[in-house]
Number of protein chains: 2
Amino acid sequence: MLTIKQSQLLNYLIKKIEDSGTSPSYEEICIHLNLKSKSGIHRIVQGLVERDYIIKLNNKARSIYPKKYPNGKIYSTLKQDQDNEEPNNINTLSIPLLGKIAAGLPIEAIETANENIEVPISFLGKGKCYALKVDGDSMIEAGILQDDIAIIDSERQPTNGDIVVALIDEEDVTLKRFRKNGESIALEPANINYKTYIYGPNRIKVQGVLTSLYRHY
Amino acid sequence: MLTIKQSQLLNYLIKKIEDSGTSPSYEEICIHLNLKSKSGIHRIVQGLVERDYIIKLNNKARSIYPKKYPNGKIYSTLKQDQDNEEPNNINTLSIPLLGKIAAGLPIEAIETANENIEVPISFLGKGKCYALKVDGDSMIEAGILQDDIAIIDSERQPTNGDIVVALIDEEDVTLKRFRKNGESIALEPANINYKTYIYGPNRIKVQGVLTSLYRHY
DNA sequence: TTCAGTTGTTAACATTTAGTAAACATAAAA
DNA sequence: TTTTATGTTTACTAAATGTTAACAACTGAA
């Protein structure tokens, strides 16, 4: 969170760059903020660097680059053409948190779950994502525990070795490691107490690929 | 459940942040709540921290972050409503990502790491947090794998069973399960190939408690 | 290359603003 | 009653800001 002055300076910086294409000199900032000394500017700039809101090159004139807006959104010079579908500009996204997968229900059936979870975009995959609360211990040896939150990319194509959410026979949903061998698909648990099952191609629908995982203690 | 005043304060905090982008000073809160003294504010803020409704940075001006709404819902500024108000993004905090712990270096020694990571506030503990890249496999049976990102609350007191970052003999830093027995402290790995070591009270300094964990595939 | 002007960096100090703490009083809740 | 939440005052510490001045690094022209 920025202080008042830091916020003012950052706003001016962004405006100046968008207007003129160059970052302002300390003098110019002084004038704009009604100060008499560059020195204070230096300190405020320092503060903004520490807080990760700007990047600057040392000992270089006019070399301050904004990294975030005062409100914390990632700064991007790329102007999304006015009609921006992609909120490319936000650090976090709210995605639906589906409950624990109840056996016997395809994902779609529980998409009603109206709980959401806040996730940094860096956690997400490229496609549409949803979150899932892990039920059971079948993937324990892969470091996936009961009640972990799994973030699933529903549009990604699985490759061998990926951990996927699979719908079996339009009935059961489970989290397993995916391995395709010719036409048949193996779903491997990561728990010595569970067996690998192999299915014909028509019996499995992959509902998404595990992208990231989050656990709260 | 919050008290009246706590609830009022939290509401004002949220409103102020959404309006102006910065959290209010204690003085400003006083005015808003019709009080004559900052001191009471301080106490109420403490209460909100204890109840885990906000996060604050100690001794920093204007650095209170809401974590939940008064009703207990996770705080999120992202409005998925149609009205595309510019969403703020203050529900994340940038915390330092320390490199892998090199054996032989206390945490402080690597705090120079100038990488930062954006984390949703709800992932954080109550105290000052930092992130750590896990090195090694000593906690593998607790589902903590190589290269996972661990988020550590550096101010929380460990209780038995917590997973902590421990500094041994001012030299080695490791992630282990903490167990105190009388005066001595046991650091238990979660890997059958490693042994539990027991130390005298003066040999161990706990550098923080594991709060949450994140893994990217 | 040298030199002068511009701009950024640092230290020192003063001032204001902001957060922390203890002590005491009061009122409401358990 | 005992506990908890609250209101207030006072005092203190720390952070943020404003200012001056000397100096270092960079730039472009002579």
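Only heavy atoms go into these numbers, but all of them, side chains included; no hydrogens, no water, no symmetry mates. By convention in this document, chain letters (A, B, ...) are assigned in the order of the sequence lines, proteins followed by strands, and residues within each chain are numbered from 1.
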Roughly, in whole Å, what's the span from [atom1] in [X] to [atom2] in [N]?
X        : N       : atom1 : atom2 : value
Asn59(B) : dT20(C) : CG    : P     : 5 Å
Ile64(A) : dG8(C)  : CD1   : P     : 7 Å
Leu57(B) : dA18(C) : CG    : C1'   : 14 Å
Ile31(B) : dT17(C) : CD1   : C1'   : 13 Å
Arg62(B) : dT16(C) : CZ    : C1'   : 13 Å

**OP:** Between Leu33(B) and Asn34(A), name the one whose nearest nucleotide on DNA chain D is closer to the 5' end.
**Re:**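 Its nucleotide being nearer the 5' end, the pick is Leu33(B).
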
**OP:** Identify, between Arg51(A) and Lys60(A), the residue whose nearest nucleotide on DNA chain D lies closer to the 5' end.
**Re:**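 Looking at DNA chain D, the more 5' nearest nucleotide goes with Arg51(A).
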
Original post:
On DNA chain D, which is the earliest and which the latest nucleotide, 5' to 3', with an atom closer than 4.0 Å to a heavy atom of chain B?
Top reply: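 Endpoints of the contacted stretch of DNA chain D: dA5(D) to dA16(D).
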
Original post:
Reckon Ser37(B) touches a base, only the sugar-phosphate, or nothing at all at heavy-atom distances under 4.0 Å?
Top reply: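 Base contact.
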
Between the side chains of [X] and [Y], does any donor sit under 3.5 Å from an acceptor?
X         : Y         : answer
Lys5(A)   : Thr3(A)   : no
Ser184(B) : Asn181(B) : no
Tyr130(A) : Asp153(A) : no
Asp137(B) : Gln146(B) : no
Glu188(B) : Thr196(B) : no

**OP:** Would you kindly check if the NZ (Lys) or CZ (Arg) of Lys38(A) is within the cone defined by 45 degrees around the ring axis of Tyr26(A) and under 6.0 Å from the six-membered ring centre?
**Re:**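 No.
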
Subject >> Test: Lys67(B) cationic atom under 6.0 Å from Tyr75(B) six-membered ring centre, within 45° of axis >> reply: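 Geometry flag: not set, cation outside 6.0 Å or 45°.
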
**OP:** May I ask you to evaluate whether Lys56(B) reaches the phosphate of dT20(C), defined as a side-chain N or O under 4.0 Å from OP1 or OP2?
**Re:**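 Yes, within the criterion.
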
**OP:** Give a yes/no on whether any side-chain N or O of Tyr26(A) is located under 4.0 angstrom from OP1 or OP2 of dT6(C).
**Re:**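 False: Tyr26(A) side-chain N/O out of range (4.0 Å or more) of dT6(C) OP1/OP2.
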
Subject >> Members of residues 38-45 of chain A that approach DNA chain D, where some heavy atom sits under 4.0 Å away >> reply: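 Within residues 38-45 of chain A, the residues near DNA chain D are Ser39(A), Gly40(A), Arg43(A).
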
Original post:
Can you tell me how far NZ of Lys180(B) sits from CG of Asp162(B), rounded to the nearest 0.5 angstrom?
Top reply: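 So the CG of Asp162(B) and the NZ of Lys180(B) are separated by 13.0 Å.
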
Original post:
Does the separation of the ring centres of Tyr214(B) and Tyr214(A) fall below 6.0 angstrom?
Top reply: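 That pair fails the under 6.0 Å test.
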
